[in-house]
2 protein chains.
Amino acid sequence: MARQNTVFKDAFNRCLLQLADTASLPSEPELGNVLGVSRTTVRAILARMEELGLIRWNKRAKTVLRQPKAEDYFPEDETNSLSTIIERSFMRRILAGGAEAGMQINELEIARDIGIGTTSVREFLIRFSRFGLIEKRPNSHWVLKGFTREFALELTEVREMFELRSAASFVTLPPEHPAWADLQRVEAIHHELLADIDNRYAEFSELDERFHLLVHRSSANRFIVDFYDIIAIVFHYHYQWNKTNARQRNARALEEHLDYIAALRSRDAEKVEAACRRHLRSARETLLQSIP
Amino acid sequence: MARQNTVFKDAFNRCLLQLADTASLPSEPELGNVLGVSRTTVRAILARMEELGLIRWNKRAKTVLRQPKAEDYFPEDETNSLSTIIERSFMRRILAGGAEAGMQINELEIARDIGIGTTSVREFLIRFSRFGLIEKRPNSHWVLKGFTREFALELTEVREMFELRSAASFVTLPPEHPAWADLQRVEAIHHELLADIDNRYAEFSELDERFHLLVHRSSANRFIVDFYDIIAIVFHYHYQWNKTNARQRNARALEEHLDYIAALRSRDAEKVEAACRRHLRSARETLLQSIP
DNA sequence: TAACTGTCTATTGTCGATAAAAGACAATAA
DNA sequence: TTATTGTCTTTTATCGACAATAGACAGTTA
């Protein structure tokens, strides 16, 4: 069991969706492009599809024989990559469960807990360490620094610097820059969510990430863009286990975003700064309130 | 050969220095503290010292019998941790050797090259990825993004934001804060180096890191402090292989630092900002000039 | 009785092995 | 003659194993 074939299973499931409205599938390299996998994996998928009687496969001819049924798909939890599994398990440990700052983190224990080898856990922790929530004692354990008030303040301090600068550079983008079109699409979704906020407020989290990432990208600075990962993951998991007032909180943020977007589209640097500051201030308040 | 005993060898060498001016060694826990290793390693060191006839060891009594000779020490290259070895080798590859942007990075090749396993190489690359110079294609290779002009500009943009803010918070530190004493010591070393610049200009690199780290620390923000790692490692390796005008360059930087330090000690926020900006501008110019 | 030592166990750091996935190259088909 | 397929090789992701190191606990010494 050196490596699970999760890439194959995930790509297979996605490929079943492709089957929907064609009588035959494209060439192997093209399928590989669409699914983001190599030809080796494409051929494994095709072989399995043939085996299940979904297609007839003879060299270039890949004729669809029938539409996929529910039981043709692999179970979703078999398609998660190991690093996703570790991330979820670890975030639950430190954000949802009561984890005090200063606690030791034990690689072996985590590995045994999830039922995997230590290598992947180590790699995850190393990747995770850039979020500033854990720290390594060389030749020894990791220390949890905790999702504390100080953490939130340090995080938002940098976030505010970066976002203000990014927003300022957004207005200097030439009108033909694709970011303007993206902004319009994002704005439209804001209106959609607001119109049906009672049912769709939970979709805000994803939209929030999309909008702010769009702003950060306009800085054209990899360090600024990469830093947004930290914000995104912290907000994502934190609010996943902190749903108090979610509907109201998200509605307010949507309104603030719309002001912010309007300011960006006005291309007036002062308005942008004002709207951006307003939103950042209230985002910070909201975050701080949710930390005991 | 699961793991080299480099921790032991390095601590042993450092322990030999401790032998200099005492007739007997302290307790095992205390030695462990001084050397930064566990008692297990301390006992291994004591055992070896006894074997070499350096001490007589009987429970609490650890009598020094003779001073260490050159051949008692382990060769220095046996004391480098594996991650240090990989780091050096990798930095030489990408900064010294002609490495073009877009080049693929092959874990197995690096591992074979150095003569180690792939695990450590992977871990190094993951840790290194936060420097923004490489990027992972999932399930596939890493891509070298190159030490380019854009990289330098993005790096210095963030650096300038962070350092200006840190310098501003430095002047608000209370007079009894240890940073002021550190600053005084750092200032003194600046004068020492300047007084003998022809012989000691090479020591600037280390002093530079110490000074700027001191400034960044006053931000009390882990993300700002951690970011300085990136600056430090990039400058360290870059100037290690780029010695043109080193003497003149360093002398000028020392002068700028002294202005900057004087401004900090004046506690005048405007002066600080001006001096900081001047130094950052010239540091950026110098860096950009050294990139083709 | 408080710190130190002897001894033992648990965890980390690193390797080699292996299934999965990527990718190179020649043969084939349109 | 250009893209596609068949086949084969290389690399990545992951595990289990094991030496080095850290750390726990009980017995010992001052």
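Per chain, numbering begins at 1; letters A, B, ... match sequence-line order.
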Using a heavy-atom cut-off of 4.0 Å across all strands, would you classify Thr119(B) as base, sugar-phosphate, or nothing?
base
Touch check for Lys9(A), heavy atoms < 4.0 angstrom, all strands: base, sugar-phosphate only, or nothing?
nothing
Contacts of Val37(B) and Glu123(A) projected onto DNA chain D by closest heavy atom; the upstream (5') one is Glu123(A)
Ranking Gly117(A) and Thr6(B) by the position along DNA chain D of their nearest nucleotide, the one closer to 5' is Gly117(A)
Looking only at side chains, do Glu87(A) and Tyr237(A) share a donor and an acceptor under 3.5 Å apart?
yes
In Val121(A), Ile105(A), Leu95(A), Ile114(A), the residue satisfying side-chain contact (heavy atoms from CB on, under 4.5 Å) with Phe90(A) is Ile105(A)
So, is Lys59(A) near the phosphate of dA29(C), with a side-chain N or O under 4.0 Å from OP1 or OP2?
yes
Does Ser120(B) make a side-chain N or O approach to OP1 or OP2 of dC15(C) shorter than 4.0 Å?
yes
Could I get a table of every N or O pair under 3.5 Å where one atom is in the protein and the other is in nucleotides 7-11 of chain C?
unit_1	atom_1	unit_2	atom_2	d
dT11(C)	OP1	Asn106(A)	ND2	2.9

For DNA chain C, whose closest nucleotide is more 5', that of Trp142(A) or that of Asn58(B)?
Asn58(B)
Glu30(B) vs Phe8(A), nearer the 5' end of DNA chain C by closest nucleotide:
Glu30(B)
In whole Å, I'd like the distance from the [atom1] atom of [X] to the [atom2] atom of [N].
| X | N | atom1 | atom2 | value |
| --- | --- | --- | --- | --- |
| Leu31(A) | dG23(C) | CG | P | 17 Å |
| Gln104(B) | dG23(C) | CD | P | 7 Å |
| Leu82(A) | dA20(C) | CG | P | 15 Å |
| Arg122(B) | dA17(C) | CZ | P | 18 Å |
| Asn33(B) | dC4(C) | CG | C1' | 14 Å |

Mind checking whether Pro68(B) and Tyr73(B) have side chains closer than 4.5 Å, heavy atoms only?
yes
Which class fits the ring pair Phe147(A) and His238(A): parallel under 30°, tilted 30 to 60°, perpendicular over 60°?
tilted
The criterion is ring pair (Phe, Tyr, Trp, His ring centres under 6.0 Å); which residues satisfy it with Phe74(A), sequence neighbours excluded?
Phe8(A), Phe12(A)
Side chain of Ser27(B): nearest nucleotide among dA22(C), dA19(C), dT5(C)?
dT5(C)
Mind checking the CG-CZ spacing from Asn106(A) to Arg112(A)? Nearest 0.5 Å is all I need.
6.5 Å
With [X], which residues qualify under side chain to side chain contact (heavy atoms under 4.5 Å, CB included), at least two apart?
| X | result |
| --- | --- |
| Glu206(B) | none |
| Pro75(A) | Asp77(A), Glu78(A) |
| Gln18(A) | Val34(A) |

Opening and closing nucleotides of DNA chain D in contact with chain A, under 4.0 Å to non-hydrogen atoms
dA3(D) to dG23(D)
